[in-house]
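Since the structure comes first, as structure tokens, the remarks are kept for the end.
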Amino acid sequence: MEQRMEKKKMSVSLKKNKPLIVLFLIIAIMTVASPVFLTPGNLLTVLLQTSYNAILAVGISFTILIGGIDLSIGSVLAFSSAIGALLLTQGWPLFAVLLLILALGTLLGFLNGLLVSYGRLQAFIATLGTMSLWRGLTLVITQARPISIRKAPAADAFCFIGSGSVLGVPVPVWIMVLVFLLAYVILRHRRIGRYLYAIGCNEEAALYSGIQTQKVKLFAFSISGLLASLAGIIVTARLSSATPTAGTAYEMDAIAAAVLGGVSMAGGKGNIRGIAVGALIIGILSNALNLLNIGSYYQGVVKGIVILIAVLLDRGESQK
């Protein structure tokens with residue numbers, strides 16, 4: 001009897017720590033495969049490259065937890081950052097531009113939430129439509145050309161967000177850590193966090209228990225839009241320009257990070273620690289493919305396989 005209990009506990013522990021085991025396995029393989037991998041410089045590069053995808057993964061996880069999805073985050077990133085770049089080139093103050101970018105991203109996410117909660121559209125269909133809409137508007141506004149901010153009055157301060165360091169750690173990494181801490185507090189210690197899980201587990205039961213499901217959905221999609229625009233600030237600040245193709249296919253990496261981290265596509269399951277691990281897996285995988293000189297086309301193939309495996313594993317867990 002005791003042996004059965006021990007085996008059961010071990011099985012549960014393995015399931016909970018599966019993403020962490022995968023992460024350590026990749027690290028072990030890359031440590032042997034490349035002597036450069038564990039150098040401090042490369043590890044900081046991994047964290048820097050992971051930062052904006054991790055932020056997007058947190059945002060999209062809020063929508064996945066309620067049983068939805070947000071395919072428009074890449075387009076929201078591009079559109080909000082393009083508007084921000086235009087304002088910077090016109091001499092707007094930095095603080096005002098940052099607030100407007102974040103407010104615009106939140107508004108676009110809120111509109112997605114309206115379509116899903118009050119328009120009663122499936123999240124996949126609604127955000128697929130807005131993904132095309134915001135991307136098209138970005139191309140119209142930018143005339144399909146990058147908007148450089150190098151000559152803007154506030155260019156140096158803005159670019160510090162993407163390229164600067166504090167205590168030897170890149171600013172985007174600090175922003176990523178702050179996002180994870182705030183998301184952890186919301187999901188674990190706030191009522192709205194419990195509501196997100198409740199809707200994902202059983203929306204009808206949540207509604208009958210008195211939860212205002214439509215408002216909670218609006219909140220989830222607004223957070224997704226807000227964090228997409230925050231990631232847009234980081235990407236634009238790193239490149240010193242807003243490109244109309246920015247954020248293309250970023251939603252795929254964000255979904256992969258969330259699912260690899262244990263967020264169930266069926267909703268109602270997942271945590272911030274897992275999302276962080278999932279984002280690191282994707283970041284380290286991208287870095288590993290670069291260190292091993294694997295071409296960009298093949299990198300897409302590898303990432304596609306990883307996403308399929310993650311979804312298949314998630315489906316297997318949800319059917320048990």
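Everything quoted here is computed from the prediction, not taken from an experiment.
Between V76 and D70 there is no side-chain heavy-atom pair separated by less than 4.5 Å. Between I211 and V216 there is a side-chain heavy-atom pair separated by less than 4.5 Å. In this structure, the side chains of L71 and I255 come closer than 4.5 Å at one or more pairs of heavy atoms. Counting heavy atoms from C-beta on, the side chains of C159 and I149 come closer than 4.5 Å. Looking only at side-chain heavy atoms (C-beta outward), I186 and F62 come within less than 4.5 Å of each other. L114 is not listed as a side-chain neighbour of F221, based on a closest heavy-atom distance of 4.5 Å or more. At a threshold of 4.5 Å between non-hydrogen side-chain atoms, the residues I175 and I161 count as touching. The side-chain heavy atoms of L187 and N271, taken from C-beta on, include no pair separated by under 4.5 Å.
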Task: Stepwise side chain to side chain contact (heavy atoms under 4.5 Å, CB included) test for T248 and R135 - done: CA-CA 9 Å; T248 301; R135 182 67 64 183; 3.7 Å; yes

Open item on the list: Set out, in order, the CA-CA distance, both residues' side-chain angles and the distance that settles side chain to side chain contact (heavy atoms under 4.5 Å, CB included) for L260 and I282, then state yes or no.
Closed with: CA-CA 9 Å; L260 281 170; I282 295 297; 3.6 Å; yes

Task: Pair I305-V301, side chain to side chain contact (heavy atoms under 4.5 Å, CB included): steps then yes or no - done: CA-CA 6 Å; I305 293 171; V301 173; 4.1 Å; yes

- [ ] Report the C-alpha separation of L98 and L94 in whole Å, then their side-chain angles, then the decisive distance to 0.1 Å, and conclude whether the side chain to side chain contact (heavy atoms under 4.5 Å, CB included) test is met.
- [x] CA-CA 6 Å; L98 293 177; L94 177 63; 4.0 Å; yes

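When the side chains of ILVMFWY residues are joined at heavy-atom separations under 4.5 Å, either directly or via intervening members, L43 and I26 end up in a single hydrophobic cluster. Residues L230 and V169 are members of one and the same hydrophobic cluster, defined by side-chain heavy-atom contacts under 4.5 angstrom among Ile, Leu, Val, Met, Phe, Trp and Tyr. When hydrophobic clusters are built by joining Ile, Leu, Val, Met, Phe, Trp and Tyr residues whose side-chain heavy atoms come closer than 4.5 Å, directly or via intermediates, I199 is grouped together with F124. Both L291 and F24 are members of a single hydrophobic cluster when ILVMFWY side chains are connected at heavy-atom separations under 4.5 Å. Both I223 and Y195 sit in one connected hydrophobic cluster of ILVMFWY residues. Membership requires side-chain heavy atoms under 4.5 Å apart, directly or through other members.
Across all non-hydrogen atoms, the minimal contact from G59 to S224 is O-CB, 3.5 Å. Shortest non-hydrogen contact noted between L77 and S81 is O-OG, 2.7 Å. Here the shortest heavy-atom pairing between A82 and T138 reads CB-CG2, 4.2 Å. The shortest non-hydrogen separation linking G162 to L48 is O-CD1, 4.2 Å. In this structure, K269 and Y197 approach most closely via the heavy-atom pair N-CD2, 4.2 Å. Between S80 and I101, the shortest heavy-atom distance links the atoms O-CG1, 3.8 Å.
In the hydrophobic clustering, L121 connects to L115, either directly or through intervening members, whenever side-chain heavy atoms lie under 4.5 Å apart. Other members of the hydrophobic cluster containing L178, listed by chain and number, are L182; membership follows side-chain contacts under 4.5 Å among ILVMFWY residues, whether direct or relayed. Grouped by direct or indirect side-chain proximity (heavy atoms under 4.5 Å, Ile/Leu/Val/Met/Phe/Trp/Tyr only), F95 sits with L99. When hydrophobic side chains of Ile, Leu, Val, Met, Phe, Trp and Tyr are connected at separations under 4.5 Å, V32 ends up as a singleton with no cluster partners.
The side chain to side chain donor-acceptor pair (under 3.5 Å) search around S241 returns none, not counting sequence neighbours. Listed by chain and number, the residues in a ring pair (Phe, Tyr, Trp, His ring centres under 6.0 Å) with F219 amount to none (sequence neighbours excluded). Every residue two or more places apart in sequence or in another chain was checked for a side chain to side chain donor-acceptor pair (under 3.5 Å) with Q49, and none qualifies. D156 is linked by a side chain to side chain donor-acceptor pair (under 3.5 Å) to nothing, counting only residues two or more places apart in sequence or in another chain.
The main-chain N or O of A78 is never found under 3.5 Å from a side-chain atom of W134 such that the two would form a donor-acceptor pair. Judged by distance alone, with hydrogens and angles left aside, the side-chain atoms of Y52 form no donor-acceptor pair with the main-chain N or O of I233 at under 3.5 Å. Checking side-chain atoms of N53 against main-chain N and O of A254 turns up a donor-acceptor pair under 3.5 Å. With hydrogens and angles disregarded, a donor-acceptor distance shorter than 3.5 Å links the side chain of Q143 to the backbone of V140. In terms of modelled atom types and a separation under 3.5 Å, the side chain of N290 and the main chain of S286 share a donor-acceptor contact.
Taken to the nearest 0.5 Å, the CG atom of L196 stands 11.0 Å off from the SG atom of C201. To the nearest 0.5 Å, the span separating CD1 on I27 from CG on L38 amounts to 7.5 Å. Here the CG atom belonging to L56 is positioned 4.5 Å from the CD1 atom belonging to I73, to the nearest 0.5 angstrom. With rounding to the nearest 0.5 angstrom, the CZ atom of F180 is 10.0 Å from the OG atom of S51. The distance from the OG1 atom of T50 to the CD1 atom of I281 is 11.0 Å, given to the nearest 0.5 Å. Here the straight-line distance linking atom CZ of R145 with atom CD1 of I147 works out to 9.5 Å at 0.5 Å rounding.
Applying the side chain to side chain donor-acceptor pair (under 3.5 Å) test to residues at least two apart or on different chains, none of the pairs has a partner in residues 89-107. Residue pairs satisfying the side chain to side chain donor-acceptor pair (under 3.5 Å) criterion with at least one member in residues 25-45, sequence neighbours excluded, are listed as follows: N42-N287. Among pairs with a residue in residues 222-241, none fulfils ring pair (Phe, Tyr, Trp, His ring centres under 6.0 Å), at least two apart in sequence or across chains. Residue pairs meeting the side chain to side chain donor-acceptor pair (under 3.5 Å) criterion with at least one partner in residues 108-131, sequence neighbours excluded, are S72-N112, N112-T130.
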